[in-house]
Engineer: 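One structure, as structure tokens, below. Some questions next.
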Amino acid sequence: MNARTARALQCSSLLLAVGLAATACGSSGASGSAAQDEPEFTGRGPITYVAGKDSTGVTKKIIDRWNTNHPKEKVTFIQLPTDPDTQRQQMIQNAQTKSDAYTVLSLDVVWTSEFAAHRWIDRLPADEFPLGKMVKPIVETGKYRGGQYAIPASSDGGMLYYRTDLLKKAGIAQPPTTWAQMKKDCAKVKKLPGAKGMSCYAGQFHKYEGLTVNFAEAVHSAGGEILDAHGKPHVDTSKARKGLDFLAASVKDKTIPKEATTYQEEDARRAFQKGELIFARNWPYMYSLVEKSKSETSGKFAVAPLPGLNATGTSSLGGHDLALSSFAKNKATAIDFMKFYTSEANARLALKDGSLAPPYAKLYDDKALVKKYPYLPTLKRSILHAQPRPRVVQYGDATAAIQREAYAAMTGNKSSKQALRDLQKSLRDAVAQ
Ligand code: GLC
């Protein structure tokens, strides 16, 4: 008997015996009225796992391991495109038609509120997952109104990748902590004969979710905010403008090469790997791919915290959590698979094979792991200091507005001032819905 069944039995006998109020017997981890929303998870058999492109190969490995041991409860991997906006749209379409084609969803951390509020995903039995061993802000990403709707599989924090060989040759002892320093360092490096034609910096500036990430980082790293502490839009400020100005002015003065306005994560990785960039902003997954690439960059790079306006910058909190589609079949199998996927053993595998950020706190302080994966302390810092993107039910509208305005400013079609004024208005409309 699992903890859940035991609790249900205990509760029903208590209720029969003394007529206790039903609320006293909500599932643990649940708070208030949402407790009764936690559904029954029954049915065993084949299920599907739906996620974006498996660029590190880790997902396939985890699923293969599960399938070997569960021949009657096989998981089929439905691989969606790399672009998170397309993933979100396909998952929403599946939910809106109440289709049972998708069982376990790999949700970007920013979609939890939207999916939970629409009841496209089930409230989960939090106490059946080792959430207490995970880093708190990572666990928070799976919560909505006190309930746990998604379980962290991997986290993500942005880092500044830099060429150790070139900085050294240019006489630069430390990676930059501010944008101004980064520009100065680039000017020095570019004078080296080996740095001909290189660009200074790129992140993800194509008009998609990655731009929302990079825009939020620029704004937060300049001391600004997108929503205030009460969840109200507060982006039409001079601090936020300094953040957006950094991005827009950097395209103009070619610190950021023009082609980077078409870059997603993989484009930035390839450019850095090919030796086209001195500095690049990316997630930890890039570390192992560049290291394994046997390119001219492998063995010649390291990571540092993202730079900011006056001091070290602030990353956006990224990552993926597993959720269960409300319309799925075989939910008992799904819950077991989610437990397996999000286990510490698989977090270790994802760290080893794909340099993915583990949700488990202790892995960041494990001396043997830190020796093997020297980026871990920087990653820990990035995640612990990260700021979430707007946590709103209308996330689709909010991110579309951010992408539109940030892109207009970066491509020189609007001043930062105007872009932020327009963004403030669009966010107000989105939040008010
Ligand atoms: C990574 C992050 C995710 C983010 C996306 C943007 O996958 O984990 O949170 O939204 O990149 O491209």
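Order of appearance sets the numbers: ligands from 1, and atoms from 1 within every ligand. All values below were derived from every heavy atom in this structure, side-chain atoms included, with hydrogens, water molecules and symmetry-related copies excluded.
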Engineer: Return the orientation label for the Tyr287 and Tyr375 ring planes: parallel under 30°, perpendicular over 60°, tilted otherwise.
Structural biologist: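 Tyr287 vs Tyr375 ring planes: tilted.
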Engineer: Applying side-chain hydrogen bond (donor to acceptor under 3.5 Å, both in side chains) as the test, list every pair that has at least one member in residues 298-315; sequence neighbours left out.
Structural biologist: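 Only Glu217-Ser315 qualify under side-chain hydrogen bond (donor to acceptor under 3.5 Å, both in side chains).
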Engineer: Measure from atom 12 (O) of ligand 1 to every heavy atom in Arg88, Glu209, Gln87, Glu265 and give the option owning the shortest one.
Structural biologist: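 Of the listed residues, Glu265 has the closest heavy atom.
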Engineer: Using heavy-atom distances, let me know which of Asp108, Asp321, Asp85 sits nearest atom 10 (O) of ligand 1.
Structural biologist: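 Answer by nearest heavy atom: Asp108.
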Engineer: Do Phe279 and Tyr161 make the cut of ring centroids closer than 6.0 angstrom?
Structural biologist: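 Between Tyr161 and Phe279, which both carry aromatic rings, the centre distance is not below 6.0 Å.
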Engineer: With atoms numbered from 1 as shown, which atoms in ligand 1 lie under 4.0 angstrom from a non-hydrogen atom of Gly319?
Structural biologist: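 Near Gly319, meaning under 4.0 Å from one of its heavy atoms, ligand 1 has 2 (C), 3 (C), 8 (O), 9 (O).
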Engineer: Looking at every non-hydrogen atom in both residues, tell me the closest pair between Met198 and Leu277 and how far apart they are.
Structural biologist: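 Between these two residues, the closest heavy atoms are CE-O, 3.2 Å.
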Engineer: Please check whether Val109 reaches ligand 1 - meaning an N/O of the residue sits under 3.5 Å from an N/O of the ligand, judged on distance alone.
Structural biologist: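 Min N/O separation from ligand 1 is not below 3.5 Å for Val109.
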Engineer: Pick one of side chain, backbone, both or neither for how Gln204 approaches ligand 1, counting any non-hydrogen atom pair under 4.0 Å.
Structural biologist: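 Near ligand 1, Gln204 shows nothing, with every heavy atom at 4.0 Å or more.
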Engineer: Applying a heavy-atom cut-off of 4.0 Å, say which part of Arg389 lies close to ligand 1: side chain, backbone, both or neither.
Structural biologist: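 Side chain only.
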Engineer: For ligand 1, which part of His320 has a heavy atom less than 4.0 Å away: the side chain, the backbone, both, or neither?
Structural biologist: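 Just the side chain.
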Engineer: When you measure from atom 8 (O) of ligand 1 to every protein heavy atom, which one gives the shortest distance, and what is it?
Structural biologist: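 It is Asp156 OD2, 2.5 Å.
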Engineer: Is there a side-chain contact (heavy atoms from CB on, under 4.5 Å) between Asp321 and Asp108 once you walk through the steps?
Structural biologist: CA-CA 6 Å; Asp321 298 342; Asp108 195 313; over 6 Å; no
Engineer: Could you tell me which residues satisfy side chain to side chain donor-acceptor pair (under 3.5 Å) with Thr411, sequence neighbours excluded, listed by chain and number?
Structural biologist: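 Result, side chain to side chain donor-acceptor pair (under 3.5 Å) vs Thr411: Asn413.
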Engineer: Under 4.0 Å from a heavy atom of Pro84: which atoms of ligand 1 are those, numbered in the order shown and with their elements?
Structural biologist: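 Contacts of ligand 1 toward Pro84, numbered from 1: 6 (C), 12 (O).
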Engineer: Which of the atoms of ligand 1 are close to Gly210, meaning less than 4.0 Å from one of its heavy atoms?
Structural biologist: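 So the atoms of ligand 1 that pass are 6 (C), 12 (O).
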Engineer: For the residue pair Thr86 / Asp83, report whether a side-chain donor-acceptor contact shorter than 3.5 Å exists.
Structural biologist: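 Side chains of Asp83 and Thr86: pair found under 3.5 Å.
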